[in-house]
Amino acid sequence: MRIDKFLKNSRIIKRRSVAKTAAETGRIKVNSKVAKPGTDVKIGDILEIEFGDNTVKFEVLKIIENTNKSNAEEMFRVIED
């Protein structure tokens, strides 16, 4: 699944366009490599996202194409914030 779609589906970032912009500006890393909006995410990948001055790390636990709010939290685990 594309990183921008994963971030939107998991509710880490509320809109896909915002996730795309964050990736285009180099604020998202997948396994310590700067990600583009189309970068594929797999189970076990470590995401690092810069939110202002903070960087938060997430581990991808599940890939769910069509999700709702109740199972979005099952898609990732926060490692550091």
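Note that the structure is a prediction, hence the values are computed from the model and not measured. Every heavy atom of this structure was used, including side-chain atoms; hydrogens, water molecules and symmetry mates were not.
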Asker: Which pair of non-hydrogen atoms, one from I3 and one from K36, has the smallest distance, and what is that distance?
Answerer: CG2-O, 3.1 Å

Asker: Where do S10 and A72 come nearest, in terms of heavy atoms and distance?
Answerer: O-CB, 3.7 Å

Asker: Counting distance only, does the side-chain N/O of R15 pair as donor-acceptor with the main-chain N or O of I13 below 3.5 Å?
Answerer: no

Asker: So how far is it from L7 CG to I12 CD1, rounded to the nearest 0.5 Å?
Answerer: 5.5 Å

Asker: Got L47 and F6 here, is their nearest side-chain heavy-atom distance under 4.5 Å?
Answerer: yes

Asker: For residues 20-30, dump all side-chain donor-acceptor pairs below 3.5 Å to protein atoms at least two apart in sequence or in another chain.
Answerer:
{"unit_1": "T21", "atom_1": "OG1", "unit_2": "S17", "atom_2": "O", "d": "3.0"}
{"unit_1": "T25", "atom_1": "OG1", "unit_2": "T21", "atom_2": "O", "d": "3.0"}
{"unit_1": "T25", "atom_1": "OG1", "unit_2": "A22", "atom_2": "O", "d": "3.1"}

Asker: Considering the options N9, V60, I63, which one meets the side-chain contact (heavy atoms from CB on, under 4.5 Å) requirement together with M75?
Answerer: N9

Asker: Check salt bridge (Lys or Arg N to Asp or Glu O under 4.0 Å) between E59 and all other residues, then give those that pass, not counting sequence neighbours.
Answerer: R77

Asker: Under a 4.5 Å cut-off applied to non-hydrogen side-chain atoms, are E73 and R11 in contact?
Answerer: no

Asker: Locate the shortest heavy-atom distance separating K14 from K8; write the atom from each residue and the value.
Answerer: O-CG, 3.8 Å

Asker: Is V18 linked to V41 within one hydrophobic cluster, defined over Ile, Leu, Val, Met, Phe, Trp and Tyr using a side-chain heavy-atom separation of less than 4.5 Å?
Answerer: yes

Asker: Give a yes or no answer on whether the side chain of N54 reaches the backbone of F51 with a donor-acceptor pair at less than 3.5 Å.
Answerer: no

Asker: Would you please name every residue forming a salt bridge (Lys or Arg N to Asp or Glu O under 4.0 Å) with K62, sequence neighbours left out?
Answerer: E74

Asker: Test side-chain contact (heavy atoms from CB on, under 4.5 Å) on F58 and V78; report intermediate values, then the result.
Answerer: CA-CA 4 Å; F58 302 93; V78 176; 3.7 Å; yes

Asker: Let me check something: do L61 and I64 share a hydrophobic cluster, defined by ILVMFWY side-chain heavy atoms less than 4.5 Å apart, either directly or through other members?
Answerer: no

Asker: Check for a donor-acceptor pair, side chain of D45 on one end and backbone N or O of N31 on the other, with a separation under 3.5 Å.
Answerer: no

